[in-house]
Amino acid sequence: MVERISLAIRDLAVRFESDQGVVRALDGVSLDLHAGRTLGVVGESGCGKSVTARSILRLIDRPGRISGGRILLDPGTPAETDLAALDPESKRMRSVRGGRIGLIFQEPMTALSVHYTVGNQLIEAVVQHHAITPREARDRAVALLGDVGIPRPETRMAAYPFELSGGLRQRVGIAMALAGQPDILIADEPTTALDVTTQAQILTLLQRLQTEKRITLMLITHDMGVIAEMADEVAVMYLGRVVEAAPVEELFAAPRHPYTRALLRAVPTILAKPRQRLATIGGAVPHPGLRPTGCAFHPRCAESLGARCQQETPADVPPGQAGAACFLPGAAA
Ligand SMILES: Nc1ncnc2c1ncn2[C@@H]1O[C@H](COP(=O)(O)OP(=O)(O)O)[C@@H](O)[C@H]1O
Ligand SMILES: [Mg+2]
């Protein structure tokens with residue numbers, strides 16, 4: 001059986017231009033979102049995960065712009081649409097944003113206003129995407145709060161976001177993302193701001209919603225533990241590129257890129273003694289404006305081959321294949 005791909009990103013490049021120069025935030029990113037599955041996107045802070053998410057929804061503002069590549073919705077079908085070629089303010093793009101693709105933020109207040117009740121904001125989000133009566137919109141908003149596991153949804157409609165706990169607020173954020181009945185959800189570090197217990201509850205909620213509503217999920221995180229729990233396929237990003245792509249079992253059993261191995265070493269395990277310090281990756285992610293030559297990871301790589309890694313850039317992983325952008329034997333796809 002050939003799996004349907006809901007969204008295919010090809011060679012996406014995003015630049016931020018300023019007086020200080022050009023920052024290549026994304027430098028040729030390719031990703032596939034398989035229908036009904038979860039793509040985990042992982043990497044340290046500053047690797048381009050949020051820029052990727054915001055590019056898909058055409059939410060990159062000046063001085064940022066998409067400078068190359070394609071973002072294909074429903075690729076290979078008569079309905080195929082390149083979102084990268086649309087005017088961000090066009091009718092089509094506005095209907096895709098929220099209607100086909102929903103976005104869940106790390107901080108739910110990004111999507112919510114402090115000035116209106118949860119109910120009013122949800123009703124507003126519902127009517128934006130559906131021509132229905134106010135009565136129906138209200139019913140749907142209450143149902144959405146129920147869907148995301150908020151107790152006594154009828155009562156919560158009158159609450160203001162600041163009256164809710166962080167966990168409930170993120171549930172409302174998820175309800176907002178679902179208001180237009182999208183079939184693709186992009187969750188950008190949806191649990192990073194939450195305590196461990198609430199984090200687990202939100203991940204369970206996302207899994208349940210995905211199954212019930214047949215949602216295609218792109219889950220962005222810096223946490224390999226979340227990847228292990230949630231992802232079917234994984235893309236590892238470093239400095240605006242995908243450096244490894246693989247099905248989740250394969251990534252954990254036989255990580256190919258030294259960067260992936262380093263990220264995995266930094267994961268707490270049940271075997272680690274409580275006070276034992278976690279391994280961290282030496283050095284910091286360089287600013288994308290100061291991209292190292294060759295393989296951008298080479299200055300931090302414990303397995304660098306020397307001159308070759310410093311001078312030559314490893315080839316990208318071809319879309320749809322498992323492999324790493326790395327010169328080590330056996331790493332490439
Ligand atoms: N508004 C902006 N202006 C200039 N540069 C930006 C802006 N937003 C993002 N960038 C650049 O893009 C890089 C990737 O950012 P981001 O996608 O937010 O990283 P991540 O989500 O992986 O932590 C940043 O390191 C930064 O250099
Ligand atoms: Mg981010």
Side-chain angles (χ1 to χ4, degrees), residues 7 9 11-31 33 38-69 71 83-84 88 101-111 170 173-174 177 185-194 199 202-203 206 217-227 230-231 234-245 257 259-260 262-264 266-267 280-281 283-292 296-297 299-300 316 325:
L7 189 82
I9 301 180
D11 281 322
L12 185 65
V14 171
R15 296 163 167 240
F16 290 89
E17 291 173 24
S18 73
D19 301 344
Q20 278 84 48
V22 176
V23 169
R24 285 184 292 163
L26 298 188
D27 193 26
V29 166
S30 297
L31 296 172
L33 296 194
T38 298
L39 173 73
V41 177
V42 67
E44 289 164 290
S45 183
C47 287
K49 305 183 299 296
S50 295
V51 169
T52 303
R54 298 177 63 82
S55 299
I56 295 169
L57 289 150
R58 302 303 312 276
L59 293 172
I60 298 285
D61 296 321
R62 287 160 67 82
R65 66 180 181 92
I66 294 178
S67 55
I71 303 169
L83 304 183
I101 310 176
L103 183 58
I104 301 167
F105 300 89
Q106 172 176 332
E107 175 40 69
M109 289 314 290
T110 309
Q170 188 55 297
I174 295 170
L185 271 184
I186 301 177
D188 189 356
E189 309 249 12
T191 61
T192 301
L194 303 171
Q199 195 167 354
I202 295 292
L203 293 178
L206 286 175
L217 182 62
M218 175 168 160
L219 180 65
I220 295 173
T221 177
H222 62 274
D223 184 342
M224 277 289 190
V226 171
I227 293 287
M230 300 286 292
V234 188
V236 182
M237 288 187 70
Y238 190 72
L239 270 187
R241 296 185 71 199
V242 175
V243 295
E244 178 159 3
H257 200 290
Y259 181 57
T260 309
L263 287 177
L264 286 169
V267 178
T280 51
I281 307 174
V285 181
H287 187 269
L290 303 170
R291 178 187 306 273
F297 187 61
R300 303 172 74 194
D316 284 322

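Start at 1 and go down the list; that is how both ligands and their atoms are numbered. Throughout, residue positions are numbered sequentially from 1 according to the sequence presented.
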Query raised in the report: What closest approach, in Å, do Ile60 and Arg65 show between heavy atoms, and which atom pair accounts for it?
Result: CG2-N, 4.0 Å

Report summary line: Rounded to the nearest 0.5 angstrom, the CG-CG distance for Asp27 and Asp11 is 9.5 Å

**Report entry** For the student: nearest non-hydrogen atoms of Thr260 and Glu244, plus distance
**Finding:** OG1-OE1, 2.7 Å

Query raised in the report: Name the residues with a heavy atom less than 4.0 Å from ligand 1?
Result: Phe16, Val23, Ala25, Glu44, Ser45, Gly46, Cys47, Gly48, Lys49, Ser50, Val51, His287, Pro288

Report summary line: Residues Ala235 and Leu31: closest non-hydrogen pair is CB-CD2, 3.4 Å

**Report entry** Heavy-atom closest contact (Gln199 atom, Val226 atom, distance)
**Finding:** NE2-CG2, 4.1 Å

**Report entry** Where Val243 and His257 come nearest, the two heavy atoms and their spacing
**Finding:** O-CD2, 3.5 Å

**Report entry** Candidate pair Val14 and Arg54, rule side chain to side chain contact (heavy atoms under 4.5 Å, CB included), full reasoning
**Finding:** CA-CA 11 Å; Val14 171; Arg54 298 177 63 82; over 6 Å; no

Query raised in the report: When rounded to the nearest 0.5 angstrom, what distance separates CD1 in Ile71 from CG in Leu7?
Result: 7.5 Å

Requested in this report: Over all heavy atoms of both residues, which pair between Leu57 and Ile101 is shortest? Give the atoms and the distance, please.
Outcome: CD2-O, 3.6 Å

Query raised in the report: Counting only protein atoms, how many N/O/S atoms are less than 2.8 Å away from the Mg ion (ligand 2)?
Result: 1

